[in-house]
Amino acid sequence: MKEKYYITTPIYYPSGNWHIGHCYTTVICDTFARYNKMLGKDVFFLTGTDEHGQKVEKKAAEAGVTPIQFIDPLVAGLKEIWSLLDIGYDKFIRTTDEQHVKAIQTIFKQLYDKGEIYKAEYSGWYCTPCESFWTESQLKDGKCPDCGREVTLEKEESYFFRLSKYADKILKLYEDNPEFLQPKSRMNEMINNFLKPGLQDLCVSRTSIKWGIPVTFDPKHTVYVWVDALSNYISALGYGSEDDSLFRRYWPADLHMVGKEIVRFHAIIWPAILMALGLPLPKQVYGHGWLLIGGDKLSKSKEGNVKAELTDPKQLVERYGSDALRYFLLREIPFGSDGVYTNESLLNRINSDLANDLGNLVSRTTAMINQYFGGILPAAGDKEAVDGELVAMAENLHDNVKKAMDALDCPLALTEIFKVVQRANKYIDETTPWILAKDESKKGRLATVLYNLAETIRIVAVYLKPYITKAPDKILDCFGIDGKSVTDFESANKFGVLQAGTAVKKAPPIFPRIDVKKELAEVEAMVKKAHQEKKEAKAPEAAPVKAHEPAPAKEQIDFDTFSKVELKVALVTACEKVEKSKKLLKLTVKIGEETRTVVSGIAMAYTPEEMVGKKIVMVTNLKPAKLCGIVSEGMIVCAENDKGEISLIRPEKDMEDGSNIF
Ligand code: MSP
């Protein structure tokens, strides 16, 4: 019987802004799934979406649709990205799937019946406008960390999981299984920050959140996010259903691959839940680093706020192909650490490794076999010492790749493969086939060189298959091999498999070189335009909606900070409504010698006619911003009451425009 291998990604929160960071975990998992299949294992690869909770409930309500109507298109978008990236998952679970819902209800009841869950009162800091509970430590300066408003101490009836009793058991788990949590640094973090200080029981139900799975024996409660989300790893296998054959075949998971921010849930809470259920524990949790952009994690909180880098996976695949994106993600970020993403780093990787090294090697070799041997692979003839080095490196690749992959180190595995590619290119320069070709007596030597190159390329292509999914088949096809039929990692463990006499096709351009400067300029312009359009589409609506909400108290600033704001008296010389906006007026103002254009959200309070001739107060050193396509060079100062009524602030006496305000 085949050895089984069960690998999972975390399940993704539905997002309207899927980005390259979201692809990271899944591309890695897909690679491990493919690699383990090539090792001959019976692989099950799970991914999916985490669809319940307050955020979805709120966003759907804001959009005027039901939660599921809100989520469905987002899930479809994610599945499309996975298809573009050749993510070959075996199951895509949605936490709204009926099977999952039933499994969670079963699990919750099992835990309750075992006395692992009890009912008590949850007390937390509640932010009414955000409808969110926060713990004391989550508050920012005593206020809501999301919106900065006041919070109140509230109590809510909840069920709790007895997490506190598992701290020692989890410490023992780590002690007995040092491989359980990788990299090692994450284990130290869990021990020192969470386990040693002691765990608190975990709130696992809510009465205030309706968009969740109802607790069967107390339906005013819904199961609170993490029990729902984590249990997907077993519900997807049919745990608790009539047909649990997949669960019996694949559980426990061999690897839960997760981002470092959710290690705690996977390496503490999840094993504790499984211990409470009396189920076997996953063999390993790996907490990978983040893909950073301009120093920020591309994350849920930063969604829609990304810099002028192209981060949309669909556009990236469209421009450079899925292999390039997969290769970059797997190669560029030292495994376990954070890595920086820029368009430039992606383009440089494509050019240096894929176009220059790999693409060149394949095109030069296949072109020479065609030119010097009529497209028929010659048998190796005269040997020389230099051949040995290349052959040895190609032969050692099997062990080197395996060693790197056993350590879950994709970047290292790819480095090993590309070392051979680089060695082969150097071999071409050393053996100078074009000179050998001029001398009939060197034909045997030329044959050896080209045979060795062809065989090295075959080996490299086989080993590349788990990482990039398209190029290896194109490369193998040049040597008459159907890439789909190459499914065995061991098939590249021997040098000299290609048969002399094989027809060799000239390789098509596999990775065309990119003009980096030109491409960067194009991409930057494209991203900036898209950001601007998004901002403009939101601008007229966003400001007034907020204006009706009570503004949170702001932190104190010193005089130096205040004096950085330049305020002046301005005279409105012309004013008109901004087309397509109910809220905006476009004003021309005179500030001493200077004339400027300002866009202001005061159209509900003042007509253009009323504004002309008025002396107003303006912030004059605000960075210009585009609103509805008009560049606004400053801001008009107004007062606003709780009802959202607006009044201009004007100098009490008539003052010349351009006068300073202090
Ligand atoms: N729904 C939870 C997971 C529940 S699992 C039982 C969640 N979802 S998420 O959508 O926020 O994140 C899903 C995965 O994407 C995580 O592994 C996260 O680390 C990863 N990434 C999201 N942005 C990322 C980067 N910028 N870089 C690398 N990975 C990132 O958390």
Side-chain angles (χ1 to χ4, degrees), residues 8-19 21-23 25-26 29 45-83 87 89-108 130-133 146 159 202-216 219-241 256-259 261-262 265-266 269-270 273 298-301 303-304 313:
T8 68
T9 72
I11 44 174
Y12 289 78
Y13 292 127
S15 161
N17 181 27
W18 298 117
H19 56 65
H22 288 120
C23 303
T25 324
T26 307
C29 287
F45 168 25
L46 175 72
T47 190
T49 38
D50 186 357
E51 305 185 2
H52 292 120
Q54 201 165 26
K55 272 203 177 145
V56 169
E57 196 172 33
K58 212 172 141 197
K59 282 190 181 168
E62 278 164 15
V65 292
T66 63
I68 206 73
Q69 282 170 335
F70 175 75
I71 300 162
D72 278 349
L74 305 180
V75 175
L78 186 64
K79 284 188 172 173
E80 192 189 344
I81 294 168
W82 292 163
S83 144
I87 304 294
Y89 52 78
D90 294 289
K91 184 173 169 84
F92 188 104
I93 185 168
R94 298 183 56 174
T95 52
T96 46
D97 289 344
E98 202 186 320
Q99 176 176 309
H100 176 79
V101 171
K102 282 197 177 142
I104 296 305
Q105 291 177 325
T106 306
I107 289 167
F108 204 89
C130 292
E131 295 174 53
S132 296
F133 269 104
D146 258 7
Y159 284 93
L202 183 74
C203 173
V204 289
S205 85
R206 284 292 161 87
T207 52
S208 56
I209 303 172
K210 294 291 159 243
W211 180 238
I213 299 176
V215 173
T216 43
K220 70 172 186 291
H221 287 260
T222 52
V223 179
Y224 190 49
V225 286
W226 283 99
V227 174
D228 174 2
L230 288 162
S231 306
N232 92 87
Y233 300 130
I234 55 175
S235 74
L237 300 179
Y239 177 79
S241 76
H256 288 315
M257 179 66 67
V258 303
E261 81 283 14
I262 51 174
F265 301 99
H266 287 81
I269 297 175
W270 180 224
I273 294 174
L298 275 162
S299 69
K300 15 198 176 200
S301 53
E303 273 171 16

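Position 1 is the first residue of the sequence, and the numbers go up from there.
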**Request:** Please work out whether the ring planes of His266 and Tyr233 are parallel, tilted or perpendicular, with thresholds of 30° and 60°.
**Result:** tilted
**Message:** Among residues at least two apart in sequence or on other chains, which ones pass side chain to side chain donor-acceptor pair (under 3.5 Å) with Thr222?
**Reply:** none
**Taking every non-hydrogen atom, the tightest pair across Ile104 and Ser231** = CD1-CB, 3.3 Å
**Prompt:** Is the backbone N or O of Lys210 less than 3.5 Å from a side-chain atom of Glu57, with the two atoms forming a donor-acceptor pair by type?
**Reply:** yes
**Request:** With sequence neighbours excluded, tell me which residues meet ring-ring contact (aromatic ring centres under 6.0 Å, His included) with Tyr239.
**Result:** Phe247
**Message:** Taking the ring centre of each residue, are Trp211 and Phe70 less than 6.0 Å apart?
**Reply:** no
**Prompt:** Atom CG in Leu230, atom CZ in Phe265: separation rounded to 0.5 Å?
**Reply:** 8.0 Å
**Asked** Are His22 and Tyr12 side-chain neighbours, meaning at least one heavy-atom pair lies under 4.5 Å?
**Response** yes
**Rounded distance (nearest 0.5 Å) linking atom OG of Ser83 with atom OH of Tyr89** = 7.5 Å
Give every donor-acceptor pair under 3.5 Å between a side-chain atom in residues 74-81 and any protein atom, sequence neighbours left out.
| residue | atom | partner | partner atom | Å |
| --- | --- | --- | --- | --- |
| Glu80 | OE1 | Lys314 | NZ | 3.3 |
| Glu80 | OE2 | Lys314 | NZ | 3.3 |

**Request:** Over all heavy atoms of both residues, which pair between Ile11 and Ala229 is shortest? Give the atoms and the distance, please.
**Result:** CD1-O, 3.6 Å
**Asked** Taking only residues two or more places apart in sequence, or in another chain, which ones meet Phe108 in a side-chain contact (heavy atoms from CB on, under 4.5 Å)?
**Response** Ile117, Tyr159, Val204, Ser205, Val215, Phe217, Val223
**Asked** Where is the tightest heavy-atom contact between Val225 and Gly53, given as atom of each residue plus distance?
**Response** CG1-CA, 4.4 Å
**Complete:** Contacts satisfying salt bridge (Lys or Arg N to Asp or Glu O under 4.0 Å) that involve residues 226-239 (not counting sequence neighbours) are none
**Message:** I'd like to know if the side chain of Thr96 pairs up with that of Glu51 as donor and acceptor (distance under 3.5 Å, no hydrogens or angles considered).
**Reply:** yes
**Message:** In the structure I gave you, are the side-chain heavy atoms of Val56 and Tyr13 within less than 4.5 Å of one another anywhere?
**Reply:** no
**Prompt:** For the atom pair OG (Ser208) and NE2 (His221), what is the distance rounded to the nearest 0.5 Å?
**Reply:** 10.0 Å
**Asked** What closest approach, in Å, do Gly240 and Thr106 show between heavy atoms, and which atom pair accounts for it?
**Response** O-OG1, 4.4 Å
**Item:** Straight-line distance of Ile234 CD1 to Ile93 CD1, nearest 0.5 Å
**Value:** 10.0 Å
**Prompt:** Can you find a pair of side-chain heavy atoms, one from Arg94 and one from Asp72, that are under 4.5 Å apart?
**Reply:** yes
**Request:** Supply the atom-to-atom distance Thr95 OG1 to His52 NE2, rounded to the nearest 0.5 angstrom.
**Result:** 5.0 Å
**Message:** Go through it in stages, so that I can follow the logic: the residues are His100 and Ile213, the test is side chain to side chain contact (heavy atoms under 4.5 Å, CB included), and I'd like the CA-CA distance, side-chain angles, deciding distance and then a yes or no.
**Reply:** CA-CA 10 Å; His100 176 79; Ile213 299 176; 3.9 Å; yes
**Minimum side-chain heavy-atom gap Ile269-Leu202 below 4.5 Å** = yes
**Message:** Please enumerate all residues that pass side chain to side chain donor-acceptor pair (under 3.5 Å) together with Lys102, with sequence neighbours excluded.
**Reply:** Glu98
**Message:** Side chains of Thr47 and Cys29, heavy atoms from C-beta outward: is any pair under 4.5 Å?
**Reply:** no
**Item:** Side-chain touch Asp50/Asn232, heavy atoms, less than 4.5 angstrom
**Value:** no
